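Single-structure report; data block below.
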Number of protein chains: 2
Amino acid sequence: MEGAPKPLRVAIADDALLLREGIAKVLADGGIEVVASVSTGAELLEVANRGGLDAAVLDIRMPPSFRDEGIVALEQMRAGGSKIGVLLLSMYATPEYALRVMGAGSGTGYLLKERVSEPQTLVRAVETVASGGSVVDPEVVEQLVKRTRADDPLSRLTERERSVLELMAQGYSNGGIAQSLFLGLKTVETHVRSILQKLDLEESPEHHRRVLAVLTLLGAR
Amino acid sequence: MEGAPKPLRVAIADDALLLREGIAKVLADGGIEVVASVSTGAELLEVANRGGLDAAVLDIRMPPSFRDEGIVALEQMRAGGSKIGVLLLSMYATPEYALRVMGAGSGTGYLLKERVSEPQTLVRAVETVASGGSVVDPEVVEQLVKRTRADDPLSRLTERERSVLELMAQGYSNGGIAQSLFLGLKTVETHVRSILQKLDLEESPEHHRRVLAVLTLLGAR
DNA sequence: GCCCAGTTCAGGGGGTACCCTGATGCGTCG
DNA sequence: CGACGCATCAGGGTACCCCCTGAACTGGGC
């Protein structure tokens with residue numbers, strides 16, 4: 001395909017040694033030069049500040065926070081004016097994170113580790129972000145599309161209904177909700193009925209199902 | 001350290017290309033010969049049946065089940081009389097899986113991927129299982145110890161009560177549980193009351209609390 | 001044999017969730 | 001102003017959950 005006169009220069013950041021090595025191997029085989037391999041976002045920032053990089057591949061979960069360290073590093077790089085390609089790797093399709101990554105502008109990508117079954121998947125993603133393009137895992141896109149639709153029933157709830165739902169999800173009984181919101185029991189029942197009508201639509205064999213449904217609904221957000 | 005007259009011959013099984021490559025690299029650097037690298041448990045069994053292996057390193061989550069495929073492969077190998085070392089890799093400290101792995105006898109190991117921050121961690125683990133030893137991630141051990149203590153209230157439940165609890169956690173109503181287990185409603189109620197007494201002890205203002213408690217209890221497992 | 005734990009049920013009572021109809025006041029929009 | 005949505009409650013009803021007492025049968029251990 002290419003004679004590759006100028007191989008891309010890429011840095012890797014991942015706290016898991018096994019993945020660092022794996023990424024390095026796949027990129028190297030794909031004609032990409034791995035110039036650095038570190039285990040934290042802070043170290044990556046140092047490397048990036050020295051310049052000479054075309055792109056960076058980094059895990060989202062890294063020390064010390066083990067939450068969104070990778071995205072934080074991305075945002076700091078962008079804040080510092082760096083425009084190199086940044087490919088975020090994650091274990092799961094987390095729409096919130098994907099949106100944050102996309103919000104950082106072009107030249108960024110969000111890819112699921114498990115999605116990388118072919119070397120070219122990763123190599124091409126790196127090449128894409130390095131040239132200013134965007135990469136989003138198809139599964140994440142699907143989740144996002146589903147999300148905007150699934151958000152519909154929730155946005156159909158009124159202000160009051162949402163506050164009631166919130167307390168429901170926290171395990172409050174109708175009576176407890178009534179006390180918390182200074183309402184009559186019957187009023188809460190009315191709201192609950194309205195909420196269930198708007199969210200459930202069908203089937204409601206057991207009571208527990210309701211709680212479960214609400215919990216999974218809120219838990220998935 | 002070693003002149004390594006006879007390098008260990010190892011096979012790798014992991015559906016994630018990046019990890020396969022990473023494991024291979026680390027093992028190779030550690031003086032271990034990687035003779036096969038496959039992506040499913042079934043493929044690993046084929047390789048193992050051909051013989052000549054000292055050990056196998058495999059992910060627990062693999063196609064097609066994406067659940068305990070790695071452990072299934074281990075159990076099938078043991079059932080077939082194979083005694084080679086088997087090192088299971090997992091993302092999380094799941095005591096259930098760890099116990100299943102340990103139950104397969106010596107020469108097995110359960111290691112967290114993220115725990116591998118040093119190459120020697122993985123290399124030594126492979127050498128240990130290849131020589132018939134056992135490896136268990138320290139974090140998993142900690143979980144197990146905590147479990148046996150936390151298991152107290154759960155282990156105090158009788159067989160029947162546990163089966164009822166399981167259905168409770170799945171959202172079944174008392175009536176549904178009665179139908180599922182071919183019991184009378186009153187019998188189920190008796191079991192439920194017994195379960196709640198043993199687990200709750202105190203406080204039970206609202207019904208939802210119960211479900212939540214059970215869910216978090218089982219969800220934390 | 002007796003006792004105990006486990007499993008299986010019954011009767012009765014209190015409480016909560018859920019559903020339906022209906023009513024009142026309060027803003028908004030055409 | 002009238003229609004509409006929203007929030008606020010009431011009354012009446014069904015179903016289910018939970019608790020208590022009590023009882024019958026079983027199997028194992030002393």
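Chain letters run A, B, ... following the sequence lines, proteins first, then strands; residues in each count from 1. Computed from a predicted model, the values in this text were never measured in an experiment.
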All N/O pairs under 3.5 Å across the protein-nucleotides 24-30 of chain D interface:
none

Got a list of protein N/O to nucleotides 10-13 of chain D N/O distances below 3.5 Å?
| unit_1 | atom_1 | unit_2 | atom_2 | d |
| --- | --- | --- | --- | --- |
| D:dG11 | N7 | A:Lys186 | NZ | 3.4 |
| D:dG11 | O6 | A:Lys186 | NZ | 3.1 |
| D:dG12 | O6 | A:Lys186 | NZ | 2.4 |

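Listed candidates were D:dT8, D:dC17, C:dT7. Nearest to the side chain of B:Asn174 is D:dC17.
Remark: B:His191 is in phosphate contact with C:dT8, judged by side-chain N or O atoms under 4.0 Å from OP1 or OP2. Taking side-chain N and O atoms only, A:Thr187 has a distance below 4.0 Å to OP1 or OP2 of D:dC9. Between A:Arg160 and D:dT8, a side-chain N or O to OP1/OP2 separation shorter than 4.0 Å is present.
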Please report, to 0.1 Å, the donor-acceptor pairs under 3.5 Å made by any side chain of residues 101-113 of chain B, with sequence neighbours excluded.
| unit_1 | atom_1 | unit_2 | atom_2 | d |
| --- | --- | --- | --- | --- |
| B:Thr108 | OG1 | B:Val101 | O | 3.3 |
| B:Thr108 | OG1 | B:Gly105 | O | 2.8 |
| B:Tyr110 | OH | B:Ser90 | OG | 3.4 |
| B:Tyr110 | OH | B:Tyr92 | O | 3.0 |
| B:Tyr110 | OH | B:Thr94 | N | 3.2 |
| B:Lys113 | NZ | B:Asp59 | OD1 | 3.4 |
| B:Lys113 | NZ | B:Asp59 | OD2 | 3.0 |

Could you list the donor-acceptor pairs under 3.5 angstrom formed by side chains in residues 128-136 of chain A, with sequence neighbours left out?
| unit_1 | atom_1 | unit_2 | atom_2 | d |
| --- | --- | --- | --- | --- |
| A:Thr128 | OG1 | A:Arg124 | O | 2.7 |
| A:Ser131 | OG | A:Glu127 | O | 3.1 |
| A:Ser131 | OG | A:Thr128 | O | 3.0 |

I'd like a table of donor-acceptor pairs (distance under 3.5 Å, sequence neighbours excluded) in which one partner is a side-chain atom from residues 13-21 of chain B, with atom names and distances.
| unit_1 | atom_1 | unit_2 | atom_2 | d |
| --- | --- | --- | --- | --- |
| B:Asp14 | OD1 | B:Ala16 | N | 2.8 |
| B:Arg20 | NE | B:Ser37 | OG | 3.4 |
| B:Arg20 | NH1 | B:Asp14 | O | 2.7 |

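Within the structure, every pair that satisfies the salt bridge (Lys or Arg N to Asp or Glu O under 4.0 Å) test and touches residues 99-111 of chain B, not counting sequence neighbours, is listed here: B:Asp68-B:Arg100, B:Glu75-B:Arg100.
Each of A:Val192 and B:Glu159 was assigned the nucleotide of DNA chain C with the nearest heavy atom; the assignment lying further toward the 5' end belongs to B:Glu159.
Taking atom CD1 of B:Ile177 as the reference point, atom C1' of C:dT7 lies 16 Å away to the nearest angstrom. Following rounding to the nearest Å, A:Leu181 (CG) and D:dT8 (P) show an atom-to-atom distance of 8 Å. Nucleotide C:dG6 holds its P atom 13 Å from the CD1 atom of B:Ile195, rounded to whole Å. Between B:Glu161 atom CD and C:dA5 atom P there is a gap of 13 Å when expressed in whole angstrom units. Remark: C1' of D:dC6 and CZ of A:Arg162 are 13 Å apart, rounded to the nearest angstrom.
Remark: A:Glu161 pairs with A:Thr158, A:Ser194, A:Lys198 by the side chain to side chain donor-acceptor pair (under 3.5 Å) rule, at least two apart or across chains. With sequence neighbours excluded, no residue forms a side chain to side chain donor-acceptor pair (under 3.5 Å) with A:Arg61. With sequence neighbours left out, B:Ser39 forms a side chain to side chain donor-acceptor pair (under 3.5 Å) with B:Glu43. Remark: B:Lys186 pairs with B:Glu189 by the salt bridge (charged side-chain N to carboxylate O under 4.0 Å, His left out) rule, at least two apart or across chains. A search for side chain to side chain contact (heavy atoms under 4.5 Å, CB included) contacts involving A:Gln179 returns nothing, not counting sequence neighbours.
Contact annotation: the side chain of A:Leu89 never approaches that of A:Leu58 to less than 4.5 Å [non-hydrogen atoms, C-beta and beyond].
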**Request:** Any chance you could list the contact pattern along nucleotides 23-30 of chain C? Use B for base contacts, S for sugar-phosphate-only contacts and - for none, protein heavy atoms under 4.0 Å, 5' to 3'.
**Result:** --------
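Separating the CG atom in A:Leu74 from the CG atom in A:Leu45 is a distance of 10.0 Å, to the nearest 0.5 Å.
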